[in-house]
Amino acid sequence: MSAAPMPGARQRRGLAVGFQVATYLSLILVLGPAAWLLLGVIGRAVPHFSWSVLYTDTKGTSGGLENAILGTLVLMLGTFIVAGSVGVLAGIHLAELSRPRRNGKPSGGLLRTASDVLSGFPSIVLGYVGYVALVVGLKWGFSLLPAIIILSIMVVPYIAKTTETAIRQVPTNYREGAEALGMSTGYGLRKVILKTAFPGIVTGLLIAVAIAGGETAPLIYTAGFTDANPSFSLIHHQIGYLTYPVFNFYNQPGNQAHYLAYDSALLLIVLVLILIVGAHFIVARTQRHAESRF
Amino acid sequence: VTIASGAPGRAPARVEDLPDPLFKRIGEVLRNQEESAWRIGARIASLLPLAALGFAITVLAIKAWPAIRVNGIGFLTRSTWNAGSGYGATVHTDGVAHPMGSSYGAWPLIAGTLQTSAIAVIIAVPISIGAAFALTERLPRFISRPLGFAIEVLAGIPSVIFGIWGLLTLGPFLADHVYPTIANNMPDVPILSYFRGPSGEGEGLLTAGIVLALMIVPIIASTTRDLFMAVPPLPKEGGEALGMTDFEVANKITVPWVRSGIIGATVLGLGRALGETVAVALIAGSILGHTAQNIFSPMTTIAATILTQLDGAQTDGTGFAVATLAELALILAVISVAVNLLARLIIKRSGRLGAPVGRA
């Protein structure tokens, strides 16, 4: 097969054993530090955790985290609405509605490339653009709307991608069935294709919202931070979020500040875990259903 | 697959059930227009990422233009970072106002960005592939499934948590127990001598690279795992039947089969490492003005600098410091777009050339 002389049997066996050891070692290197990280953060947060942080507002670098928790939830909800609608529609376009080109290549090449490039775009750069164009340029100030817009721009490519994948997994028979029943394209899309792809789409949305909620850098540039609970004004009012205390309170004087930093880290982990585990739960359940359907 | 549109006016739901002629009419119109509504909405939405990208680049370019003109091409090679005197005179260069004595250079930041990302990828790719192998080819399903799920969850852990853990736990641990050993025992030959010298306190290039590696491992490992699971069993069994060892099957069949996918995942991770901000800002030590002397010394990256220097830049009354940050952001954007496009090119190429024996 190759011109190079074959290595001897002993050498080959040695390589095989070394490879086996190396794979297990890498698995340990992947999971070990991660476990250390999670246990370390939880271990620092839990001994000093008191439930009152959930319903007390931050005061300087002490107090609680109610404002930050509510702020993060509001930001997630806003991103869910804005990025969700745009991303799902974009995914529908890429998967279903854009016409294939004459030469048989898949359509939407430029749009897909733009989406891919945007998904790899550094979040701090988007945050800076939000600061220059929205916070300062449009004089919105640090507030909810620029933060939601920037977070949405960040996660739209991800949602579009997961939506496209989910729609492409809908069996072709379903489309043919819809057509055979005389459904119009729009009605068939809504009642058959989107309905079938719904779990996959929701999974993508949940993970996207979890990513948005864990962001720090773009929020510092667009949302500011405040000790007050979020109001429903979209502009001119700063808003709190959970990543801010982690980033800023760890080196502030006073134990209270350190406890808050670790409490918010713990809450972030819990929030992200709930969203991601929830997303996977949906996938697992629907996969079982999908198998029984055929 | 595009669905051919059905006959107009033959809406399947029962329009006649609607209570009122007006509603009936509205319902009919909605039914008939539904397809075009979907088409228009989806068309607009799919254009938004492109528009956002164009908008971001345009804003950065306009904002950075004064800085580009004054800093010149030397911005890429200079190492100085001097905001000038805030109380001194404002001078004009090429008609752009900036404080007296201000001089900016991005070389240490560009180098720092590339160094940390390179370290992250060098560490992350082999252990991700190894871990994916252990999960797909070795461990029984009831162990590998939860472990694989754990890796996917890790991808969602916010970067600021990695940052604070790297700063308070991992960095000091490495500086106390690992770095001195490395620094004292490395031979003084080119390249390896970069590992010699003062081993620092844990805030620096190597710690940042290691934490970035941990952050991108879940991305690469979980994608590689999915890829390995999709490799058909027949070629692998054929290899084993020919007497290949596990390593040879992995090296000659499984990895080549999914090479372009692994490259794609690596680039995804590289993109995240290049743009990672808070974690690096916390761990790297934020030293401006010169490149890292050795692999342990404090440094900073473009992304971290944009984050940490904004407060200071706003005190520059001429706005020149903010313009310089915009130029930095533009450089980072160009790097990330270039990496992404290059990766697409590589995937296209290796998708053609790397077709292993046996693939239809």
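Protein chains get the first letters and strands the later ones, always in sequence-line order, with residue 1 at the start of each.
- Residues passing the ring pair (Phe, Tyr, Trp, His ring centres under 6.0 Å) test with B:Phe55, sequence neighbours excluded: none.
- Most heavy-atom pairs under 4.5 Å with chain A: of the set B:Leu47, B:Leu341, B:Leu325, this distinction falls to B:Leu325.
- Note that CG of B:Leu282 is 5.0 Å distant from OH of A:Tyr250, once rounded to the nearest 0.5 Å.
- Screening residues 146-158 of chain B for salt bridge (Lys or Arg N to Asp or Glu O under 4.0 Å), with sequence neighbours left out, gives B:Glu152-B:Arg225.
- For A:Phe19, the ring pair (Phe, Tyr, Trp, His ring centres under 6.0 Å) criterion is met by B:Phe133, B:Phe247, not counting sequence neighbours.
- A heavy-atom distance below 4.5 Å is found between the side chains of B:Leu139 and A:Leu27.
- Chain A forms more heavy-atom pairs under 4.5 Å with one residue of B:Val337, B:Val217, B:Val59, B:Ile161 than with any other, namely B:Ile161.
- Once rounded to the nearest 0.5 Å, the distance linking CG of B:Leu214 with CH2 of A:Trp36 reads 9.5 Å.
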Fill in: CA sep, side-chain torsions, deciding dist, call: A:Thr23, B:Glu137, side chain to side chain contact (heavy atoms under 4.5 Å, CB included)
CA-CA 10 Å; A:Thr23 55; B:Glu137 312 279 328; over 6 Å; no
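- Note: B:Ala326 leads B:Ser36, B:Ala326, B:Ala303 in heavy-atom pairs under 4.5 Å with chain A.
- At a 4.5 Å heavy-atom cutoff, the contact between B:Ser336 and chain A is made by side-chain atoms alone.
- More than 12 heavy atoms of other residues, nucleotides or ligands shown are found within 6.0 angstrom of CZ on B:Arg138.
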Fill in: Criterion side chain to side chain contact (heavy atoms under 4.5 Å, CB included) on B:Trp38 and A:Leu89, from CA distance to verdict
CA-CA 8 Å; B:Trp38 278 115; A:Leu89 279 172; 3.9 Å; yes
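- For chain A, no part of B:Arg272 is nearby; none of its heavy atoms comes within less than 4.5 Å.
- Contact of B:Ile57 with chain A is made through the side chain alone, with heavy-atom distances under 4.5 Å.
- In this structure, the portions of B:Leu310 lying under 4.5 Å from any heavy atom of chain A include both its backbone and its side chain.
- Looking at B:Ile306, both its backbone and its side chain come within 4.5 Å of chain A, counting heavy atoms on both sides.
- Looking only at side-chain heavy atoms (C-beta outward), A:Val272 and B:Pro158 come within less than 4.5 Å of each other.
- The greatest number of non-hydrogen atom pairs below 4.5 Å with chain A, out of B:Ala131, B:Ala333, B:Ser128, is found for B:Ala131.
- Heavy-atom distances place no part of B:Ala51 under 4.5 Å from chain A, backbone and side chain included.
- With contacts defined as side-chain heavy-atom distances shorter than 4.5 Å, the pair A:Val156/B:Leu48 does not qualify.
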Worksheet item: Going through the checks in order, is the side chain to side chain contact (heavy atoms under 4.5 Å, CB included) test met by A:Leu37 and B:Leu154?
Response: CA-CA 10 Å; A:Leu37 176 143; B:Leu154 284 176; 5.9 Å; no
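- Heavy atoms closer than 4.5 Å to chain A are found nowhere in B:Ala221, neither backbone nor side chain.
- In terms of heavy-atom proximity, B:Gly275 sits nearest to A:Pro122 at CA-CB, 3.7 Å.
- Taking CD1 from B:Ile164 and CZ from A:Phe247, the interatomic distance works out to 9.5 Å, rounded to the nearest 0.5 Å.
- If you run side-chain contact (heavy atoms from CB on, under 4.5 Å) between A:Val30 and each of B:Leu135, B:Leu147, B:Ile151, only B:Ile151 comes through.
- The candidate from B:Gly41, B:Gly54, B:Gly271 with the greatest count of non-hydrogen atom pairs under 4.5 Å with chain A is B:Gly41.
- At least one side-chain heavy atom of A:Val125 sits under 4.5 Å from a side-chain heavy atom of B:Leu60.
- Taking the side chain as every heavy atom from C-beta outward, B:Phe149 and A:Val277 approach each other to under 4.5 Å.
- Proximity to chain A is absent for every atom of B:Ile335, based on heavy atoms less than 4.5 angstrom apart.
- Taken to the nearest 0.5 Å, the CG atom of B:Leu168 stands 5.0 Å off from the CZ atom of A:Arg44.
- The choice from B:Ala45, B:Ala37, B:Ser159, B:Ala329 that makes the most heavy-atom pairs within less than 4.5 Å of chain A is B:Ala45.
- Both the backbone and the side chain of B:Phe162 come within contact range of chain A, each with at least one heavy atom under 4.5 Å from a heavy atom of that chain.
- Remark: B:Thr277 OG1 to A:Glu215 CD distance equals 8.0 Å, nearest 0.5 Å.
- Contacts between B:Val322 and chain A at a heavy-atom distance below 4.5 Å involve backbone atoms as well as side-chain atoms.
- Listed in order of number, the residues of residues 130-138 of chain A that approach chain B to under 4.5 Å between heavy atoms are A:Tyr131, A:Val132, A:Ala133.
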